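Just below is one structure, and these are the notes that go with it.
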Protein chains: 2
Amino acid sequence: MSTDQARPLRADAARNRARLLDAAEEVFTARGTGVRTEEVAKAAGVGVGTLFRHFPTKEALLQAVLVRRMERLGQEAERLRGELGPGEAFLAFFALVVDASPSKNEFADALAAAGVDVREATQEAGKVVLQAVAELLADAQRAGRVRPDLGVPEVTALMVGASRALEHLDPQDGPARRRAVEVVLAGLGAG
Amino acid sequence: MSTDQARPLRADAARNRARLLDAAEEVFTARGTGVRTEEVAKAAGVGVGTLFRHFPTKEALLQAVLVRRMERLGQEAERLRGELGPGEAFLAFFALVVDASPSKNEFADALAAAGVDVREATQEAGKVVLQAVAELLADAQRAGRVRPDLGVPEVTALMVGASRALEHLDPQDGPARRRAVEVVLAGLGAG
DNA sequence: CTAGAATCGGACTGGCGACTCCGGTTACGA
DNA sequence: TCGTAACCGGAGTCGCCAGTCCGATTCTAG
């Protein structure tokens, strides 16, 4: 219902759209969601008019970036599930999320602050990720690597929480960061 | 160096200042840090002029509220340390922070987004809390209730992380929330 | 190669909200 | 009780930034 492309979009338009998405992700990640839309347009080598034609609202742009991230995350999860054993796949995914989240959190916050129901906005992509997490978690629990009483909501919440925790630690202090993550993993029962 | 009161502030001024602080805490907590300063003034039964005389900036107001919270938290920690045994005091404090944080997080985020170095801004009050956490943690570790390799930074980060995790869980779903916190506590070695 | 439809760019607008200003009010020392 | 220094209130100012508009500039079908 959202990405209908009745006509396949002119070549330059498609290119600009992609550039905008990339630039937005980069700029917002590096300097926060507060930066002017003009800056994003400039980073994409495009005028603001073009930006707003593709994304009617700053919020819509944020949302698009967030959705794309989640889609990528879902794909990663599937990949890991195929490549690694049940315990390892879960751990690897956890680590992936914890590393990738610091900025995603900000996006979600900004959208929530703008009065957007993030759940609903990312529903489509969210389903995929949740599905992947559910599979990863079930595998790990079946293999006895994770407490059996935990559900997907708690686990995802803990992933976000862990990534948030790391935001408060010195980026240079690797050992401390490792210890913090370790605490959560230990608590999950994944020694 | 900040709360110098050369002259002791006229009675009405002091009262208004206190009301503003209370109103700000209430309003910002209930409706987010995005609400207009005018609303805060109204809630305090005061004009915006008065608000800005006491706090030259919205940001300064936010900061003042945050500092006051941290001071209270520090006092709570001391109290708990006096009243409970080493393990229990630590757990109780952890629970306290996790419950009290959801809004404090927002404050801190807002300040950070405004380009304020939160560390520096809350330094005075922060020291007290950190000191208290350090004592609580040392007690708990001495009593064998917490992994001995953890430092204050990791523990505080995990407290914040845990509170953030709860933000992503259904407020109605008590059991899930409890399980999530339990995971972190178990990981700390305080099962 | 050409028409003309689709897209581009960036100056401009409109609204919002933090902060100022000053005439009126109030607390408090003598 | 009175004078005055300190404080109050809220209408108005000012800067900022999301979003619009339209002449200029491509793309692509034929």
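Residue numbers begin at 1 in each chain, while the letters A, B, ... track the order of the sequences. Note that the structure is a prediction, hence the values are computed from the model and not measured.
- Distance B:Gln63 CD to C:dA18 C1': 17 Å, rounded to the nearest Å.
- The environment of A:Glu26 atom CD is sparse: at most 12 non-hydrogen atoms of other residues, nucleotides or ligands sit within 6.0 angstrom.
- Under 3.5 Å, the side chain of A:Arg10 and the base of D:dT26 form at least one donor-acceptor pair of N or O atoms.
- Two residues, A:Thr37 and B:Gly45, neighbour DNA chain D, and the one matched to the more 5' nucleotide by heavy-atom proximity is B:Gly45.
- Sequence order on DNA chain C of the closest nucleotides to B:Arg36 and B:Ala11 puts B:Arg36 first from the 5' end.
- The stretch residues 47-57 of chain B touches DNA chain D through B:Gly47, B:Val48, B:Gly49, B:Thr50, B:Arg53, B:His54, each having a heavy atom under 4.0 angstrom from the strand.
- For A:Thr29 and A:Arg69, the side-chain atoms include at least one donor-acceptor pair closer than 3.5 Å.
- A:Glu38 has its CD atom 9 Å from the C1' atom of D:dC17, to the nearest Å.
- Distance, B:Leu61 CG to C:dG17 P: 17 Å, rounded to whole Å.
- If you measure from atom CG of A:Leu62 to atom C1' of D:dG19, you get 16 Å, rounded to the nearest angstrom.
- Taking atom CG on A:Leu20 and atom P on D:dG19, their separation rounds to 14 Å, with Å as the unit.
- Under a hydrophobic-cluster definition in which Ile, Leu, Val, Met, Phe, Trp and Tyr are linked whenever side-chain heavy atoms come within less than 4.5 Å, directly or via other members, A:Val65 and A:Phe52 are assigned to the same cluster.
- Close to C:dC8, at under 4.0 Å from its OP1 or OP2, lies a side-chain N or O of A:Asn16.
- A salt bridge is absent between A:Glu88 and A:Arg81; no separation between the charged side-chain nitrogens and carboxylate oxygens falls under 4.0 Å.
- When side chains are defined from C-beta on, B:Leu150 counts as touching B:Val146, because their heavy atoms get closer than 4.5 Å.
- In this structure, A:Glu39 places its CD atom 16 Å from P of D:dG19, rounding to the nearest Å.
- By the 4.0 Å N-to-carboxylate-O rule, A:Glu154 lies too far from B:Arg177 to be salt-bridged with it.
- Here the P atom of nucleotide C:dA18 and the NZ atom of B:Lys58 are 4 Å apart, to the nearest Å.
- Remark: B:Arg68 engages B:Asp22 in a salt bridge, criterion side-chain N to carboxylate O under 4.0 Å.
- Atom CG in B:Asp12 sits about 17 Å away from atom P in D:dA5, given to the nearest Å.
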